[in-house]
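Okay, so here's the structure we're looking at.
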Amino acid sequence: MDTENLEQTIMGLIVNGGNAKSNAMLAIQAAKEGNFEEADKYLDEADKALLEAHHSQTALIQGEARGERTPVSLLLVHAQDHLMNGITFKDLAKEIVELYRVR
């Protein structure tokens with residue numbers, strides 16, 4: 001993968017991981033206000049963002065599998081951190097929304 005495509009892939013991880021986290025937080029706020037339809041919508045949006053992030057990550061993994069070495073940079077580590085946080089926040093938000101729903 002050339003440098004420009006690598007940077008775009010990394011930015012895809014950062015943007016989509018961040019969007020997933022933001023939507024997860026919005027889902028919690030909506031559930032807190034009793035708006036579960038909106039909370040579910042935000043959780044769906046978080047899932048969509050994570051799917052896009054996974055596409056970016058899969059491109060990197062497939063390149064590695066083909067023998068293309070991906071240089072590990074601080075930006076790539078930061079991107080992976082965003083993805084991990086997005087996944088964690090979405091999972092936690094789903095549980096919190098359910099807790100508010102049964103209250």
Side-chain angles (χ1 to χ4, degrees):
M1 182 178 296
D2 63 40
T3 304
E4 184 176 330
N5 284 334
L6 178 59
E7 288 176 2
Q8 287 177 347
T9 301
I10 290 171
M11 292 310 294
L13 286 169
I14 292 170
V15 168
N16 289 303
N19 286 345
K21 180 181 173 187
S22 294
N23 280 308
M25 292 300 295
L26 290 169
I28 293 169
Q29 291 302 315
K32 188 176 183 179
E33 296 168 3
N35 191 341
F36 298 106
E37 186 175 316
E38 186 175 344
D40 290 338
K41 181 191 79 145
Y42 283 125
L43 288 173
D44 287 342
E45 290 299 315
D47 280 332
K48 289 175 187 174
L50 288 174
L51 180 62
E52 288 301 314
H54 278 292
H55 289 310
S56 296
Q57 187 181 50
T58 298
L60 293 172
I61 292 169
Q62 288 174 339
E64 288 274 338
R66 287 190 302 269
E68 300 168 9
R69 302 297 297 164
T70 302
V72 177
S73 65
L74 183 57
L75 191 59
L76 179 56
V77 172
H78 180 67
Q80 287 296 124
D81 188 42
H82 269 271
L83 175 56
M84 181 190 70
N85 281 321
I87 293 168
T88 302
F89 267 81
K90 197 275 301 185
D91 290 344
L92 185 58
K94 186 175 178 183
E95 294 299 319
I96 293 171
V97 167
E98 288 308 310
L99 287 171
Y100 276 118
R101 194 183 315 265
V102 298
R103 234 174 79 174

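This chain uses plain numbering: 1 for the first residue, then up along the sequence.
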Of all heavy-atom pairs between [X] and [Y], which one has the smallest distance, and what is that distance?
X     : Y     : answer
Ala93 : Ala24 : CB-O, 3.4 Å
Tyr42 : Ala30 : CD1-CB, 4.4 Å
Ala20 : Ala49 : N-CB, 3.8 Å
Ala39 : Ala31 : CB-N, 3.9 Å

Q.
Going by side-chain contact (heavy atoms from CB on, under 4.5 Å), name the residues that satisfy it together with Thr70, two or more places apart in sequence or in a different chain.
A. Leu6, Leu60, Glu64, Leu76

Using 0.5 Å steps for rounding, measure from the [atom1] atom of [X] to the [atom2] atom of [Y].
X     : Y      : atom1 : atom2 : result
Leu26 : Lys41  : CG    : NZ    : 8.5 Å
Ile28 : Tyr100 : CD1   : OH    : 8.0 Å
Lys90 : Asp44  : NZ    : CG    : 9.5 Å
Ile96 : Phe89  : CD1   : CZ    : 9.0 Å
Leu92 : Met25  : CG    : CE    : 9.0 Å

Q: Would you check if Leu50 and Leu83 make a side-chain contact, meaning some heavy-atom pair closer than 4.5 Å?
A: yes

Q: Quick one: list whatever passes ring-ring contact (aromatic ring centres under 6.0 Å, His included) with His54, sequence neighbours left out.
A: none

Q.
Determine whether Leu75 and Ile14 satisfy the following criterion, side chain to side chain contact (heavy atoms under 4.5 Å, CB included), listing intermediate values before the conclusion.
A. CA-CA 9 Å; Leu75 191 59; Ile14 292 170; 3.8 Å; yes

Q.
Please check: side-chain N/O of Asp81 versus main-chain N/O of Val77, any donor-acceptor pairing under 3.5 Å?
A. no

[X]: which residues meet the salt bridge (Lys or Arg N to Asp or Glu O under 4.0 Å) condition with it, sequence neighbours left out?
X     : value
Arg66 : Glu68
Asp40 : Arg101
Lys48 : Glu45
Glu33 : none

Q: With side chain to side chain contact (heavy atoms under 4.5 Å, CB included) as the test, would you mind laying out the steps for Leu13 and His82 before giving the verdict?
A: CA-CA 7 Å; Leu13 286 169; His82 269 271; over 6 Å; no

